[in-house]
Amino acid sequence: MQSSPYVRGWVVLLGLAALTAIEYGIAVTSAAVVPMLLMGMFKALLILEYFMHVSRLWSPEEGDH
Amino acid sequence: MAVLETSTEHHDLPYAERVRLNRWGLWLFLISESFMFAGLLGARFYLWGGLRPELNQALGLGLTALLLVSSFFMNRAEVAIAHDDRAEFLRSALITALLGTLFLVGVVGFEWGLFLPEGPHIRPTDGAFGAVVYGLTGFHAFHVLTGVLAILAVWNLGRKGHFSAERHWGVEAVAVYWHFVDLVWVFFYPALYLIGQVATGG
């Protein structure tokens, strides 16, 4: 049963893949450093919030077990 | 004696409170780790400036994809155990460990050239380029190795019936550590493979 609990993971994976593709595209076209670092920052935010659950530090009731 | 009393008091705490404290402890450890990785990144930008060595782009992209997909499966394993889906937890944790192992094979076997008949195209002794490539990938690969071992440890415990929807701090801790390893690579990948012009003529 592939239902809702796993959907968020798929969405985050697609987001990370898209940002990586954009990052690579920037590298081979313009090699501009700031946009590449921005893509990295966006990827880091996705991982921190949705995979590492950093907000649980401040609101432990969410996802508590 | 005071230490023993403190320890006993800690174990008397409700499980949720212990998890809250453990979470802070883990994050403080990760913050201390990030200082080391930030130092390595700083060394890369100081020593290389606007240049970089010619590395295998397909390999760099492939390694990045492996780690991102492994993070997806680690998250899936954590979600599964939080929903008491033990079979999915065991499957996803094992896939994560496998992807992490493939990442290690990619770095050590191909980026470091151990599996290449012609040997490595860049060596640790090749000045600033070699030192930074091996320093960054070496420290990161060691963390991947420890992460894979930790994942296999929680997989084995899960196989024996440990962890439940209500109590799975061990799984959460390993998952957060694994995602941290992925997070570090998010910055190492562009720093090593994408940023700067390829240096020519040695």
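The chains referred to below are lettered A, B, ... by the order of the sequence lines, with proteins before strands, and numbering in each begins at 1. Just so it is clear, the values below take in all heavy atoms, side chains as well, and ignore hydrogens, waters and symmetry mates. Owing to the predicted nature of the structure, the values given are computational and were not obtained by experimental measurement.
Annotation: the span from I47(A) atom CD1 to W178(B) atom CH2 amounts to 12.5 Å, rounded to 0.5 Å. Between the CH2 atom of W27(B) and the CZ atom of R56(A) there is a distance of 10.5 Å, given to the nearest 0.5 Å. Residue K43(A) holds its NZ atom at 11.0 Å from CH2 of W185(B), rounded to the nearest 0.5 Å.
Taking I26(A), V54(A), V12(A), V33(A) one by one and counting their heavy-atom pairs under 4.5 Å with chain B, the maximum is reached by V54(A). Contact count versus chain A (heavy atoms, under 4.5 Å) is highest, among A80(B), A175(B), G50(B), for A80(B). Taking chain B as the reference chain and counting heavy-atom pairs below 4.5 Å, the highest number among V28(A), L37(A), L13(A) is found for L13(A).
Both the backbone and the side chain of M41(A) come within less than 4.5 Å of a heavy atom in chain B. Of the atoms belonging to T64(B), it is side-chain heavy atoms, and not backbone ones, that fall under 4.5 Å from chain A. L16(A) touches chain B through backbone and side chain together, each having a heavy atom under 4.5 Å away. Heavy atoms of F180(B) lying under 4.5 Å from chain A belong to its backbone as well as its side chain. Residue contact with chain B, scored on non-hydrogen atoms closer than 4.5 Å, involves the backbone and the side chain of A44(A) alike.
N75(B) is listed as a side-chain neighbour of H53(A), based on a closest heavy-atom distance under 4.5 Å. At a threshold of 4.5 Å between non-hydrogen side-chain atoms, the residues V186(B) and T20(A) do not count as touching. A 4.5 Å side-chain heavy-atom check between F51(A) and M74(B) finds every atom pair outside the cut-off.
The environment of F142(B) atom CZ is sparse: at most 12 non-hydrogen atoms of other residues, nucleotides or ligands sit within 6.0 angstrom. The environment of OH in Y50(A) is sparse: at most 12 heavy-atom neighbours from other residues, nucleotides or ligands sit within 6.0 Å. For CD of E54(B), the number of neighbouring non-hydrogen atoms (other residues, nucleotides, ligands) closer than 6.0 Å is 12 at most.
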Checking side chain to side chain contact (heavy atoms under 4.5 Å, CB included) for the pair Q57(B)/Y24(A): CA distance, chi angles, key distance, verdict?
-> CA-CA 10 Å; Q57(B) 287 294 323; Y24(A) 187 78; 3.6 Å; yes
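Using cut-offs of 30° and 60° on the angle between ring planes, the pair W24(B) and W58(A) is perpendicular.
In terms of heavy atoms, F187(B) sits closest to G40(A) at CZ-O, 3.9 Å. Residues L183(B) and M52(A) approach most closely at CD2-SD, 4.2 Å, considering heavy atoms.
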